[in-house]
Amino acid sequence: MEAGFKVRIDKAVASIRAKSKSTPKLGVILGSGLSGIVDSIEGTEISYKDIEGFPVSTVHGHKGSLKIADNIIVFAGRFHFYEGYKMDDVVMPITLMKELGVEKVLLTNAAGGVNYTFEPGDLAFIIDQVNLQGTNPLIGPNNDSMGPRFPDMSEPYNKEMLDEASRIARKVLPHRTMKYGVYAGFTGPSYETPAEIRMVRAFGGDLVGMSTVPECIVANYLGMKVCGISCVTNLAAGLGHAKLDHKEVIETSKLVEKDMIGLVSGLIEYWS
Ligand code: HPA
């Protein structure tokens, strides 16, 4: 993180505090094609452009606003490294949550299915991750008041949250078999090659995507507990016949959106 990062965060917090005095305990980040979930939550909506020091989200399928209520803050639209943002920008929502009092974080994303048993339309809990982004959001001077120089990552996705989320998924989505997998994060924006997907499998990855990994690292660094859910929008490169297309990613997330809203709403009710 850059030396002036904390000052930026303080300004962003002040912008939010001017509009809401809520103290959320749960923070949610919604991935590609999933931002519609924000409409099912009641609260104060704040556009990213109205938050001082906050980057503006550009990717298609993202809304670029947050909603804050008494127990929860939801970010519809995240900042991807491939958009050209610095890592500080990518993890800004996470650090902001921490400053607002959040203890538990729910990260959602769209991902390619690497595991042979995963199909488009599946929902998968993330149990661990592999950082293939070639960088780390914590590179730079460490602010010891925020977290340790060498943070532990032996339980990146909190086991207790995973157990609770599994139980809630069985209740809310009885017709579904949830999948469990390791998420491998590349930077993108090019999709992976078939050889890269074989590498991911050899490295223990089940899911592949272009986000989430830095957010999870920083949430752990700040002492927050993380739960992750991937919507499998496509078979990873080389596994299907079709070429990969962002349109397919958005279309599949739309098809699963109803279940995803059901699940995320159930989790929000339980955790907030
Ligand atoms: N690769 C990387 N990111 C993705 C994919 C994929 O196959 N699908 C959705 N996001």
Side-chain angles (χ1 to χ4, degrees), residues 28-37 57-63 75-85 87 90-91 93 106-135 137 156-157 178-217 228-257 259-261 263-264:
V28 183
I29 297 187
L30 302 171
S32 294
L34 301 170
S35 51
I37 295 173
S57 176
T58 63
V59 76
H60 179 71
H62 284 271
K63 205 169 159 134
F75 292 80
R78 54 156 53 89
F79 307 106
H80 297 91
F81 197 51
Y82 64 73
E83 291 175 90
Y85 293 115
M87 272 295 170
V90 172
V91 300
L106 175 59
L107 303 174
T108 70
N109 60 44
V114 176
N115 187 309
Y116 290 121
T117 68
F118 291 8
E119 288 172 46
D122 278 347
L123 295 179
F125 286 118
I126 304 175
I127 57 170
D128 202 344
Q129 70 181 23
V130 181
N131 180 7
L132 296 172
Q133 298 202 333
T135 185
Y157 295 87
M178 292 294 294
K179 302 287 167 83
Y180 295 81
V182 174
Y183 179 94
F186 285 91
T187 62
S190 52
Y191 285 111
E192 303 71 34
T193 64
E196 284 163 349
I197 293 305
R198 290 195 295 277
M199 178 191 78
V200 167
R201 192 175 299 112
F203 281 8
D206 303 291
L207 301 150
V208 66
M210 307 175 189
S211 66
T212 306
V213 163
E215 295 155 355
C216 176
I217 291 172
I229 306 173
S230 288
C231 168
V232 180
T233 52
N234 57 281
L235 298 178
L239 299 182
H241 299 296
K243 293 198 171 191
L244 300 195
D245 184 353
H246 185 61
K247 262 209 315 240
E248 183 195 359
V249 169
I250 297 297
E251 278 165 19
T252 311
S253 355
K254 287 283 165 235
L255 290 179
V256 189
E257 192 173 20
D259 276 7
M260 194 69 163
I261 291 179
L263 178 57
V264 171

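The basis for the numbers below is simple: all heavy atoms, side chains too, and nothing from hydrogens, waters or symmetry mates. Order of appearance sets the numbers: ligands from 1, and atoms from 1 within every ligand.
Within 6.0 Å of the OH atom in Tyr180, the count of heavy atoms belonging to other residues, nucleotides or ligands exceeds 12.
Pocket lining of ligand 1, defined as residues with a non-hydrogen atom under 4.0 Å away: Ala110, Ala111, Gly112, Tyr191, Glu192, Val208, Gly209, Met210, Thr233, Asn234, Leu244, Val249.
Glu257 is linked by a salt bridge (charged side-chain N to carboxylate O under 4.0 Å, His left out) to Lys254, counting only residues two or more places apart in sequence or in another chain.
Rounded to the nearest 0.5 angstrom, Arg78 CZ and Met210 CE are separated by 12.5 Å. Considering CD1 of Ile29 and CG of Leu107, their distance stands at 5.5 Å, rounded to 0.5 Å. Atom CD in Glu119 sits 12.0 Å away from atom OG1 in Thr252 (nearest 0.5 Å).
Residue Pro214 is tested with Val90, Thr187, Asn131 for a side chain to side chain contact (heavy atoms under 4.5 Å, CB included); the sole match is Val90.
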